[in-house]
A.B. asks: 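Structure provided below as structure tokens; questions to follow.
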Amino acid sequence: MERQYRLQKNKAFQYVYHRGKSVACRDLVMLVAKSKGMKVGFSVSKKVGNAVTRNKVKRRLRECFRPYLGGVKNGLYVVVARPSAAEATFQSLQRDVRYLLKKHNVLSPALHQDKPQAEARQRPARQN
RNA sequence: CGAGGUGGCAAGGCGAUCGCGUGCCUCCGGGCAUGAGGAAAGUCCGAGCACCAUAGGGCAGGAUGCCGGCUAACGGCCGGUGGAGGCGACUCCAAGGAGAGUGCAACAGAAAUAAACCGCAGGGGUUCCGAUCCAUCAGUCAUCCGUCAACGGCGGAUGGAAAGUGAGAGGAAAGCCCUGUAAGGAUGGAAAGGCGAGGUAAGAGCUCACCCGCGGCUUGGCGACUUGUCCGCGCUGUAAACCCCAUCUGGUGCAAGAUACGUAUGAGGACACAUGCGGCUGCCCGUCGCGUCCCCGGUAUCGCUCGAGCCUGCGCGGCAACGCCAGGCCUGGAUAGAUGAUCGACCCUCGACAGAACUCGGCUUACUGUCACGCUCGCUUU
RNA sequence: GGCUCCUUGGUCAAGCGGUUAAGACACCGCCCUUUCACGGCGGCUACAGGGGUUCGAAUCCCCUAGGAGUCA
């Protein structure tokens, strides 16, 4: 995920926590605030685990969110991992991210019905 | 074969698709190269580096603590000494001073850092028994008072009819006083060196032999230490209690700090008014600065990775840690923080512990697999 | 990332190296009351873990684990 799409400053996170709307499932919480730019941030606290597991969860979340970059409304997104996310598989995280985006109703019409492009591209490979 | 000991090595790799950080090139489409660890961890030590005054003085505080060496330095490493553990290979040890001083040693025990409670022994005095001797017709009992350290004696008085009152070898029993003694005494972590013999009234390093420890002298060693001597002595433990001695030690830490653009010893609020306040360490000196406190205060770049660096040599010196020499190599530098997802087969245990954040040298802790040994012990077979 | 500190019953806590580790609240049982509350009596349950020093450690030292605070 390129740097221009990242939410970086602590103040920006604080802004999203104050102004954003939140939707959650068992492993994740997603907050969205309206903005002209498109930025995503990931928050994984020390409760999730040690540095290795935290990094792993962050990488997986980044990979899950990447296909939707062009396909959702602009805004400030923050994805918070709950402690149970350490045990979740990549596939379940993928499902959760898609479910939360849908619940926020930010998916563009093209992607609302079908699978995202990146995932569609991976489908045939997985079937092999 | 089993149980150990020591030392080393590795930390899944390969291919495909998508994706990320950094560097270089670019025809701006992209391409090429490279990208976590042995502990990156804990932050327990030591340094570099930066700022604080040039890093200052004294006290306090802190750290280390057998010896020699290595190292930039260290609480690290190597080699040795002493002690402890193990049948052994081998391992472990904050291992200076208790003979400078202070403190503490609960409970138990006679007694706790210095004696004398019991005991043992000698002497004194008391009572009782008492062969025998003197005296005598008989020779005793009760109460009261005084006295001595004394439930006992002595002296006196009174009463029972009156009066008066000896000596004693030796023995016994109890309690008392003085002296000697530290052998024995159920305890305790520790009891005044141990054990045996002599010695004695009883005893005692009082004397002797052997042993243990300390000190002196002495042999060897740079030294810790060690060998001998028997010259002197017999001293509780605790310093991870205070302390003494020796050595080291200024503070803060890359959120250090520097630069640029905004421009600034800034805006707002509260309090105070120089024998004061703050910084440099806790205090004093010295020195620098001049209100103090609360709250708010942007972004970018540098610091930032070539370094006490890594690899090779059967190189040279050294037992070794390590040093020297020669040749070769460049090997993360992010800043919400880069290694992931999917597929394929392989090792067949589906891969443990675990992610750089200024950088090094160690220590400690977590943890998987494997190899070597002209290392040890035991069993079996030949 | 650096620095500083703390762990004692279920909770809050005291504790000079020396008995069976105070105390309060809570909980349980009994008494009191027609019953509950209050009160009284009794009980229950702990030194974060592992080593070391010491005759003896909750206390002193080291390591580990967990938890706080602080620095922009």
Side-chain angles (χ1 to χ4, degrees):
Chain A
M1 194 179 299
E2 290 174 28
R3 174 142 310 154
Q4 56 175 340
Y5 294 122
R6 280 191 203 152
L7 193 58
Q8 292 186 315
K9 290 294 161 191
N10 191 24
K11 284 205 160 181
F13 274 82
Q14 295 302 324
Y15 177 83
V16 175
Y17 284 135
H18 275 105
R19 300 290 184 81
K21 292 177 179 177
S22 116
V23 162
C25 65
R26 201 172 63 86
D27 296 338
L28 302 173
V29 180
M30 187 181 281
L31 295 102
V32 181
K34 289 180 181 174
S35 166
K36 287 180 182 174
M38 176 65 208
K39 283 187 187 299
V40 187
F42 301 94
S43 173
V44 183
S45 84
K46 278 194 177 175
K47 287 175 191 169
V48 175
N50 57 17
V52 173
T53 39
R54 274 182 280 140
N55 262 335
K56 194 162 194 172
V57 169
K58 248 186 279 182
R59 286 187 197 121
R60 283 176 165 172
L61 287 175
R62 230 179 269 133
E63 188 65 22
C64 291
F65 207 92
R66 194 169 52 80
Y68 301 100
L69 270 177
V72 298
K73 294 176 184 172
N74 282 349
L76 301 179
Y77 292 79
V78 171
V79 181
V80 180
R82 287 178 165 172
S84 56
E87 279 92 40
T89 61
F90 181 74
Q91 284 80 12
S92 95
L93 286 176
Q94 252 179 337
R95 274 198 304 276
D96 288 341
V97 167
R98 181 170 173 78
Y99 166 77
L100 291 173
L101 285 171
K102 223 170 183 175
K103 220 171 174 185
H104 268 299
N105 206 15
V106 291
L107 287 170
S108 61
L111 285 169
H112 202 265
Q113 301 296 329
D114 306 319
K115 296 281 176 188
Q117 291 170 353
E119 204 178 10
R121 219 170 15 212
Q122 283 171 3
R123 273 267 145 180
R126 200 188 300 164
Q127 279 166 352
N128 292 344

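Quick note on labels: first sequence line is chain A, next is B, and so on, each numbered from 1.
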A.B. asks: To the nearest angstrom, how far is A:Gln94 atom CD from B:rU342 atom P?
C.D. replies: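 To the nearest whole Å, that distance equals 8 Å.
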A.B. asks: Expressed as a whole number of Å, how far does the C1' atom of B:rG61 sit from that of B:rC242?
C.D. replies: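 Looking at atom C1' only, B:rG61 and B:rC242 are 15 Å apart.
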A.B. asks: Is the shortest heavy-atom distance from the side chain of A:Arg60 to the side chain of A:Phe65 under 4.5 Å?
C.D. replies: no
A.B. asks: Where do N or O atoms of nucleotides 34-38 of chain B meet protein N or O atoms at under 3.5 Å, pair by pair?
C.D. replies:
none

A.B. asks: Now, which nucleotide makes the Watson-Crick or G-U wobble pair with B:rG65, with each of the two distances under 3.5 Å?
C.D. replies: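 Because both required distances fall under 3.5 Å, B:rG65 counts as paired with B:rC245.
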A.B. asks: What is the pairing partner of B:rA36, taking Watson-Crick or G-U wobble pairs with both distances under 3.5 Å in any strand?
C.D. replies: none
A.B. asks: With a 3.5 angstrom cut-off on both distances, give the Watson-Crick or G-U wobble partner of B:rA135, or none if there isn't one.
C.D. replies: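 Checking every strand shown, B:rA135 finds no partner, since no pair has both distances under 3.5 Å.
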A.B. asks: Is there a side-chain contact between A:Tyr77 and A:Leu101 (heavy atoms, below 4.5 Å)?
C.D. replies: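 A:Tyr77 vs A:Leu101: side chains touch.
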A.B. asks: How far does the P atom of B:rG86 sit from the matching atom of B:rG232, given to the nearest Å?
C.D. replies: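 Pairwise P distance, B:rG86 against B:rG232, rounds to 40 Å.
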A.B. asks: Measuring only the C1' atom in each nucleotide, how far is C:rU45 from C:rC25? A whole number of Å is fine.
C.D. replies: 14 Å
A.B. asks: Considering Watson-Crick and G-U wobble pairs with both distances under 3.5 Å, what does B:rG276 pair with?
C.D. replies: B:rC290
A.B. asks: What's the gap between B:rC214 and B:rG237 when it is taken at their P atoms, as a whole Å value?
C.D. replies: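 Their P atoms lie roughly 12 Å apart.
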A.B. asks: Is there a side-chain contact between A:Val78 and A:Leu76 (heavy atoms, below 4.5 Å)?
C.D. replies: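 Heavy-atom side-chain distance check fails, nothing below 4.5 Å.
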A.B. asks: Would you indicate whether the side-chain heavy atoms of A:Val32 and A:His104 approach each other to under 4.5 Å?
C.D. replies: yes
A.B. asks: Send over the distance from A:Phe42 CZ to B:rG340 C1', rounded to a whole Å.
C.D. replies: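 About 12 Å, once rounded to whole Å.
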A.B. asks: So, OP1 or OP2 of B:rA341: does either fall under 4.0 Å of a side-chain N or O from A:Arg60?
C.D. replies: yes
A.B. asks: Nearest whole angstrom, please: distance from the C1' of B:rC18 to the CZ of A:Phe65.
C.D. replies: 18 Å
A.B. asks: Can you tell me how far C1' in B:rG75 sits from the matching atom in B:rA63, rounded to whole Å?
C.D. replies: 8 Å
A.B. asks: Does B:rC206 have a Watson-Crick or wobble mate here (both distances under 3.5 Å), and if so which one?
C.D. replies: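 B:rC206 is paired, partner B:rG198.
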A.B. asks: Heavy atoms only: give me the nearest A:Leu100-A:Ala24 pair and the separation to one decimal.
C.D. replies: CD2-C, 3.8 Å
A.B. asks: Suppose we define a pair by two distances each less than 3.5 Å, Watson-Crick or G-U wobble; what does B:rU364 pair with here?
C.D. replies: B:rA41
A.B. asks: Need the pair for C:rA58. Rule: Watson-Crick or G-U wobble, both distances under 3.5 Å, any strand; none if unpaired.
C.D. replies: none
A.B. asks: Do A:Leu28 and A:Leu93 make a side-chain contact, defined as non-hydrogen atoms from C-beta onward lying under 4.5 Å apart?
C.D. replies: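 When only atoms from C-beta onward are counted, A:Leu93 and A:Leu28 do touch, with a gap below 4.5 Å.
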A.B. asks: Find the distance A:Arg95:CZ to B:rU342:P and express it as a whole number of Å.
C.D. replies: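 Computing the A:Arg95:CZ to B:rU342:P distance gives 12 Å.
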A.B. asks: Starting from P on B:rG337, measure out to NZ on A:Lys58 and report it in whole angstrom.
C.D. replies: 7 Å
A.B. asks: Looking only at side-chain N and O atoms, does A:Arg62 come under 4.0 Å of OP1 or OP2 in B:rA336?
C.D. replies: no
A.B. asks: Measure the distance from CG on A:Leu31 to P on B:rA336 and round it to the nearest whole Å.
C.D. replies: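 Spelled out: CG on A:Leu31 to P on B:rA336 is 19 Å.
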A.B. asks: Please name all residues satisfying side-chain contact (heavy atoms from CB on, under 4.5 Å) with A:Lys103, sequence neighbours left out, ordered by chain then number.
C.D. replies: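 Checked A:Lys103 against side-chain contact (heavy atoms from CB on, under 4.5 Å); matches are A:Val23, A:Tyr99.
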A.B. asks: Distance between the C1' atoms of B:rA264 and B:rG298, in whole angstroms?
C.D. replies: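 Result for the C1' pair: 13 Å, nearest Å.
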A.B. asks: How far, in whole Å, is B:rA352 from B:rC367 if one measures between their P atoms?
C.D. replies: 14 Å
A.B. asks: Partner of B:rU158 by Watson-Crick or G-U wobble geometry, both contacts under 3.5 Å, or none?
C.D. replies: B:rA142
A.B. asks: Please report the distance separating the C1' of C:rU59 from the corresponding atom of C:rU7, rounded so that it comes out in whole Å.
C.D. replies: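 The same atom, C1', in both gives a distance of 14 Å.
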A.B. asks: Does A:Gln91 make a side-chain N or O approach to OP1 or OP2 of B:rU342 shorter than 4.0 Å?
C.D. replies: yes
